[in-house]
Amino acid sequence: MIVPMKKVSVLVLDSEKKQALQQLRCLGLLHIETSSGTGERLTQLKEQTGCLEQALFALEDLKEKTAVQQQSLNRDEALAQAQQILALGEERKDCRSAISAAQTELDRLKKWGDVDPAELQLLAEKGISFTLCELPLSEYQRLGEEVVTIPVNRDKNSIRFLALPSGEETEGSRPIDSYQVTLPTCSTEQLRQQIVDSQQRLAEIDTQLRGCICYTESIKQAIASLQKDAEFEGYVTGMVREVLSDQPNSTAVACLTGYLPAEDLDTLKAAAREHSWGLAAADPDQEDNVPTKLHNNKFVSLIYPLTDFLGTVPGYFEYDISGWFLAFILVFFGIIFGDGGYGLLITGVGAALIGKNVAAKKPIPPLFLLITLFGVATILWGTVTCTWFGLTPDQLPQWLQNLSIPVISNVNGDKLWYPFWTAGQAGLTTAQNLQIFCFSLALIQLTVAHVKGMIRNRRSLQALGDLGSILQLWGIFYVVLCLVVNGQVFPLDLVLAGIPVGTVAIVLIGVGFVLSFIFASYEGSIKESVLDSCKNIISILLGVVNVFSDIVSYIRLWAVGLAGAAISATVNEMAGPMFGSLVFIVFAVILLVFGHGLNMILNVLSVIVHGVRLNTLEFSSHLGISWSGHKYEPFQE
């Protein structure tokens, strides 16, 4: 459930606002509204934090894998060390730039051999000047006799030469100024020495930086400390200040606004009386940016590691679907992985992690329990479908085959199942039965969404709009069975026990559409609701199509699970023949581990992409959840 919150404003004397904030931080209950503080102190704290973060990034960039004994520094010492690390980092950049520039020059002059501009300058002072030139051979041969050159070397396509000064150019000669090679600022020998010196300095810098890795934890602690101080300073300087009158020396007060759980309001009131604060409390409204605090039992709370990883937080005025999220993601996970053998491995990993913590007498993180649940869900699905490590049913013991559910089991993969109303004329394959199961999951989950909507709107006619959505869901569900699964088994003219099922489905869609059209936007006036629907008639019509696509979207569970099963079966087929020879058994084992390991990694990605999507998109859109909330994070030590 989403914990009810109160919006409160705390009023204190301006001269006592720092002391009041310190007391509020010790209390650790108030989630303060973000305020844009200002001031030199705040700017300085942010700059120091940035300096430390850059230094920490520079140390982590070294990718030192060996464990280093950490040394303790206070905040000022950590800041000084960070500045030194940044200075070394800048010098390292300069060395790399110098190496790159020198190497570029050497590459440019590579075909000229050793070049020393000082020697050429010395010759020029004695009246002998040269120009370094390079031309294609064909161009060089067309130069006139007036152009005096001294060839240096040549290759297949070009020639390098020294051009001596000559008199005025005549017809038949070619100007060579445009082919002049720019001299380097120093000799090639000096360039090579610059590279050696810079590389040596780089090695020294890296050694010095590695010597600073022992300060990593101190730098992290200093960052956390500065961030707390910056947060505090931001709240202090961001508090609204008011002067009570226009008289000189009039009392000034400061106000702070925030949110806290309604159950903790009495605690804040007691603190306000003790410290003589003014306090105003009210229920938040839709315009307020209220933080969300979730409170569920220990089992439902197991979903929090996943939602925290995804960063999904429902808005304060939305639904908490943690329980439904956990229930359905377990089912989705089992179907997508789809292999009981994989489930055994996942459960084993979870059990090992739990056992390690139990042996160390440490609390068990919810993530370890969630991993184990995922493994159990996969084992159950693998059991009912008789899927174990991609093996064919005839390779499995009979007792495993007997545990499976026939209509969806791989044991009966080629068998047709004939519903009683088809009189043996049309049947369903195992794949079609699995598709029906996926679509049934869609029907259940999306119906739950609109039932929750009806419960929330039970005191309003808007609940009839949710009822209309439910009727559309059930009607369109049958249409999906007809169009996607098997039109012969589920025809639109089907009659069961005198009930025209197809006709009823069409009627449900029509009645549901009318109810949604009239009451979906109801806010006290049917006329206004209908007018609003008329304005959005295209969106409403598309909404019917969206219901169809949302139900069909659940077929991704079957498709992804089928793809994973195909990969595991292919890996087994590739490795199987290798077990016939002792020489290749090792390669077979490596192939099996690599192939099935890769398949499990792909399945994890599929759960995130597909399984999570069905909860956070299809299910959430029918619930009206936009995941626009942010966590309740009280101002505390």
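Fair warning: this is a prediction, and the values are worked out from it, not measured in the lab.
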Solution key, residues 295-306 side-chain donor-acceptor pairs under 3.5 Å, sequence neighbours excluded:
from   : atom 1 : to     : atom 2 : distance (Å)
Asn296 : OD1    : Met1   : N      : 2.8
Asn296 : ND2    : Tyr304 : OH     : 2.7
Asn296 : ND2    : Asp320 : OD2    : 3.0
Asn297 : OD1    : Phe299 : N      : 3.1
Asn297 : OD1    : Val300 : N      : 2.8
Ser301 : OG     : Asn296 : O      : 3.3
Ser301 : OG     : Asn297 : O      : 2.8

If you look only at distance, which donor and acceptor atoms sit under 3.5 Å apart when one is on a side chain in residues 334-341 and the other is two or more places apart or in another chain?
from   : atom 1 : to     : atom 2 : distance (Å)
Asp339 : OD1    : Gly341 : N      : 2.8
Asp339 : OD1    : Tyr342 : N      : 3.3
Asp339 : OD1    : Phe389 : N      : 2.6
Asp339 : OD2    : Phe389 : N      : 2.8
Asp339 : OD2    : Gly390 : N      : 2.9

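Contacts of Val411 classified as side chain to side chain contact (heavy atoms under 4.5 Å, CB included), with partners at least two apart in sequence or in another chain: Cys386, Pro393, Gln401, Ser404, Ser409. Contacts of Thr503 classified as side-chain hydrogen bond (donor to acceptor under 3.5 Å, both in side chains), with partners at least two apart in sequence or in another chain: none. Partners of Leu353 according to the side chain to side chain contact (heavy atoms under 4.5 Å, CB included) rule, which considers only residues two or more places apart in sequence or in another chain, are Val349, Phe368, Ile371. The side chain to side chain contact (heavy atoms under 4.5 Å, CB included) search around Ala281 returns Val8, Leu265, not counting sequence neighbours. Every residue two or more places apart in sequence or in another chain that forms a side chain to side chain contact (heavy atoms under 4.5 Å, CB included) with Leu416 is listed here: Tyr418, Thr429. Judged as a side-chain hydrogen bond (donor to acceptor under 3.5 Å, both in side chains), and not counting sequence neighbours, Asn603 has no contacts. Partners of Asn433 by side-chain hydrogen bond (donor to acceptor under 3.5 Å, both in side chains), not counting sequence neighbours: none found. Among residues two or more places apart in sequence or in another chain, the side-chain hydrogen bond (donor to acceptor under 3.5 Å, both in side chains) test is passed with Ser516 by Gln472.
Within the structure, every pair that satisfies the ring-ring contact (aromatic ring centres under 6.0 Å, His included) test and touches residues 424-457, not counting sequence neighbours, is listed here: Trp381-Phe437, His450-His622. For residues 528-566, no residue pair satisfies the ring-ring contact (aromatic ring centres under 6.0 Å, His included) rule, not counting sequence neighbours.
The aromatic rings of Trp421 and Phe490 lie tilted to each other, with the angle between the two planes from 30° to 60°.
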